[in-house]
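To start, the structure under review is shown below, and the notes come after it.
Every heavy atom of this structure was used, including side-chain atoms; hydrogens, water molecules and symmetry mates were not. In what follows, chains carry the letters A, B, and so on, assigned in the order in which the sequence lines appear, proteins first and then strands, with residues in each chain numbered from 1.
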Number of protein chains: 2
Amino acid sequence: MEAGRRGKQKAAPTLHDVARQAGVSVATASRALNGSSTRTVRPEYISRVVAAAERLGYQPHLSAQAIALGSTPTAALVVSDIDDPYFSSIASGVIVAAQAHALIPTVAVADRSPARELQIVRTLRGQRPRVIIVAGSRIDGAGTDTTLDDELQAYQAVGGRVVMVSQESLRFPTVAIDNAGGGRQLASALVSRGYRRFAVLSAARKIRTSRDRCDGFLAGLREAGMPEPLVVETRFTRDGGYEATRRLLDGGPPTVDAIVTVNDVMAIGAMTAIRDAGFTPGRDVGVAGFDDISWCADLDPALTTVAIPLHQVGVMAMELALGDDPQQPVIRVPTSVILRDSTPSR
Amino acid sequence: MEAGRRGKQKAAPTLHDVARQAGVSVATASRALNGSSTRTVRPEYISRVVAAAERLGYQPHLSAQAIALGSTPTAALVVSDIDDPYFSSIASGVIVAAQAHALIPTVAVADRSPARELQIVRTLRGQRPRVIIVAGSRIDGAGTDTTLDDELQAYQAVGGRVVMVSQESLRFPTVAIDNAGGGRQLASALVSRGYRRFAVLSAARKIRTSRDRCDGFLAGLREAGMPEPLVVETRFTRDGGYEATRRLLDGGPPTVDAIVTVNDVMAIGAMTAIRDAGFTPGRDVGVAGFDDISWCADLDPALTTVAIPLHQVGVMAMELALGDDPQQPVIRVPTSVILRDSTPSR
DNA sequence: TTGTAGGCGTTATCAG
DNA sequence: CTGATAACGCCTACAA
């Protein structure tokens, strides 16, 4: 009896308790509460059972249901960092979509570590969720890649649904973001506005998203007949953008027309760095990013960016996962350039 | 091989499979993998079991464990909106803390609806998580309040740990944010900088967080001997801040020295509205908010705000929940004013 | 329509 | 140290 510290610790009421209170068998109680598809229960009993359940504050033990039925009514999402607007927007989409399908959303944070990501997916498998959506930034050559793939494959093999976001994979349905295309469009748009000399702030090349955006932009520049820009590698964060820009401006006035960063938070850091160096973003140097996170338009100057419908991406990932047999296992999400005052015509 | 539509659906390997492969009993396999506290297993068997598990890609069925052990290694967090930096910062804290304690974090989004929140907590109870942290903005007089309380109480009665964030409750441990104190300090700081006439943009009075901040600010003003400011009620969002400010500035140049909003995202909207009306935030009107979300310092002018260690709040909530018998059931989190260029001395 | 019994995967107990 | 076996809470044939 003595459960220790926590004292009397009445156990949570079970279906048995409800059944007893209502004076029926567990089977009937179960059917009364869940409405069996084949059997039907006398109305009077139903109300009696429901009343008993109410009175006892009964909640079915999901794990018990899960074990009886095979899987948990759960949808798991893996992201790199929930406090990053890129991921929190995707997450919000996944979460509402999950809830719309009566699935309990679960969020794991891999903290940008492939090893952690692998460990998470392993643990997740034990949860037996109906869906696993992986939105972390794929990192090439981390060694853990095939292992992660295997793990997901094993999960899929027993009926789980896997969806990757952004990081296209041959083996799983994917919501693919056209990062390269976005980069290309951005290059062309900026060139039309009269920009010629660029600095590109990218993250480590092994980060796929960054590389695709960067390469797309370079390709666009080439297509427009522009010379190769300066490419600076830094971290994929606000601080990375800040520091790289500081260094760029160390020698004096900007030697480039515009700084293009591979995401918006880097661009925000870059704008601050430009100001701290005594210049004005937009006027002295153009600035552009990727993602179109919430307050791009509230910055001063408002930030030019490659828009990605992140919330929608989350929703689509969920729909793709739940769709019956995706004939079209890859959804390509188009991107679009939004020109704002951080890159005025010049 | 053909996994077909839903086809052969090999079931996931169970502990039985592992045991059979290793040529031991399930009991031994279980002990070998989880290291029972009382029994110990021959090393040779251990390695054999581990090898078999590896080979089969075995993952323990968490629901089965849960049902055998009583609860899930899970920590649930309820927020209003994960895409709001206030909540995503708290969430990031909760999530890392949960993972540090080997708990699987689960996030539910109540979408600012008390009814939804209640429904979520009910569902959550069925999950049998070890912890439920409620961080949604408490709304007074929604009618669902006592019901929510009851639901949480029932959960607590069977050994669950409940922690509330911000919304102080007599019945549950709370991480209380000193919103009123922050408002008071902000008033005093702004008055010292020479501000006299204020407009306060608050959200609906029934939203506790907003009301406390607003009232604290008013109290601070009174203590400083200032006249009552203009109080405008609007939505608790960026757009709410924008619209209210637009209206305020409709008649021409600002009639107040500063606009104080009850959170940063409203302040961001306000700054844009000020610009759109042809004025300059900071120079023509001061602007200040609450929270100190990530890019307050990257705005131009940088935003004066009442800082709240949101990530830390999340971590503390988790620690509070897991602490052995909290003698001190309420942790008060102090707030501090950060003066920046959006409120220069005048 | 209702109840009984067996099983889901794991852990804990209790004999060997 | 190891192996049966009984729970754990629920669902679902199957029998009544």
Side-chain angles (χ1 to χ4, degrees), chain A residues 1 3 9-49 52-53 56-73 123 125-129 158-159, chain B residues 9-49 52-53 56-73 123 125-129 158-159:
Chain A
M1 272 312 79
Q9 201 73 302
K10 289 178 296 285
T14 74
L15 192 55
H16 282 86
D17 302 325
V18 174
R20 182 148 24 83
Q21 272 257 341
V24 300
S25 72
V26 266
T28 302
S30 170
R31 297 195 274 251
L33 292 175
N34 295 346
S36 156
S37 47
T38 49
R39 306 303 179 207
T40 157
V41 179
R42 186 191 314 181
E44 187 204 328
Y45 278 11
I46 296 195
S47 48
R48 229 156 69 190
V49 170
L56 266 50
Y58 167 77
Q59 282 296 329
H61 195 307
L62 254 43
S63 292
Q65 285 187 164
I67 201 181
L69 297 173
S71 79
T72 326
T123 309
R125 280 225 289 140
Q127 276 239 56
R128 304 286 192 278
V158 298
Chain B
Q9 200 76 300
K10 288 178 296 286
T14 75
L15 192 56
H16 282 86
D17 301 325
V18 175
R20 183 149 20 84
Q21 272 257 341
V24 300
S25 71
V26 265
T28 302
S30 172
R31 297 194 274 252
L33 291 174
N34 293 349
S36 155
S37 47
T38 49
R39 306 302 179 210
T40 157
V41 179
R42 185 191 313 181
E44 187 203 328
Y45 277 12
I46 296 195
S47 48
R48 228 157 69 188
V49 170
L56 267 49
Y58 167 78
Q59 281 297 328
H61 195 307
L62 254 43
S63 292
Q65 286 188 163
I67 200 182
L69 297 174
S71 79
T72 325
T123 309
R125 281 225 290 140
Q127 276 240 56
R128 303 287 191 277
V158 297

What are the atom names and distances for every N/O pair under 3.5 Å that joins the protein to nucleotides 6-8 of chain C?
none

Spacing of B/Arg128 atom CZ relative to D/dC8 atom C1', expressed in whole Å: 12 Å
A/Thr72 side chain to A/Ala66 backbone, donor-acceptor under 3.5 Å: no
Phosphate-side-chain proximity, B/Asn34 and C/dT10, N/O vs OP1/OP2 below 4.0 Å: no
Nearest-angstrom distance from the residue atom CG of A/Leu15 to P of D/dT12: 12 Å
A/Leu56 CG to D/dG9 C1', straight-line distance once rounded to whole Å: 15 Å
Nearest-angstrom distance from the residue atom CG of A/Leu33 to C1' of D/dG9: 13 Å
Pairwise distance CZ(A/Arg48) to CZ(A/Arg42) - rounded to 0.5 angstrom: 8.0 Å
Separation of atom CD in A/Gln127 from atom P in C/dG9, rounded to whole Å: 17 Å
Set of side chain to side chain contact (heavy atoms under 4.5 Å, CB included) partners for B/Ile46, sequence neighbours left out: B/Ala32, B/Val41, B/Val50
Minimal non-hydrogen separation, B/Val18 against B/Val49, with atom names: CG1-O, 3.8 Å
Nearest-nucleotide pick for B/Arg31, side chain only, options being D/dC10, C/dT10, D/dA4: D/dA4
Close approaches to DNA chain C from residues 17-29 of chain B, in residue order (heavy atom, under 4.0 Å): B/Ala27
Atom-pair distance (NE2 on B/His61; P on D/dC10), nearest Å: 16 Å
Contact under 4.0 Å: A/Ser30 side-chain N or O vs D/dC11 OP1/OP2: yes
Five-pair end axes of the helix from C/dT1-D/dA16 to C/dG16-D/dC1, angle between them (10°): 40°
Results of side chain to side chain donor-acceptor pair (under 3.5 Å) for B/Gln65 - residues two or more places apart only: none
Candidate nucleotides D/dT2, C/dT10, D/dC10, ranked by approach to the side chain of B/Tyr45 - the nearest: D/dT2
Residue list, side chain to side chain donor-acceptor pair (under 3.5 Å) with A/Ser25, at least two apart or on another chain: A/Thr28
Sequence-distant partners of B/Arg125, side chain to side chain donor-acceptor pair (under 3.5 Å), two or more places apart: B/Glu151
Listed once per pair and sorted, the salt bridge (charged side-chain N to carboxylate O under 4.0 Å, His left out) pairs that draw on residues 57-72 of chain A, sequence neighbours left out: none
Length of the line joining A/His16:NE2 and D/dC8:P, which is rounded to integer Å: 9 Å
With B/Arg20 via side chain to side chain contact (heavy atoms under 4.5 Å, CB included) - residues at least two apart: B/Asp17
Closest non-hydrogen atom pair, B/Tyr58 against B/Leu15: CE1-N, 3.5 Å
A/Gln65 side chain near D/dC10 phosphate (N/O to OP1/OP2, under 4.0 Å): no
Side-chain donor or acceptor of A/Ser63 paired with backbone N/O of B/Ile67 under 3.5 Å: no
Listed partners of A/Gln21 passing side chain to side chain donor-acceptor pair (under 3.5 Å), at least two apart: A/Arg55
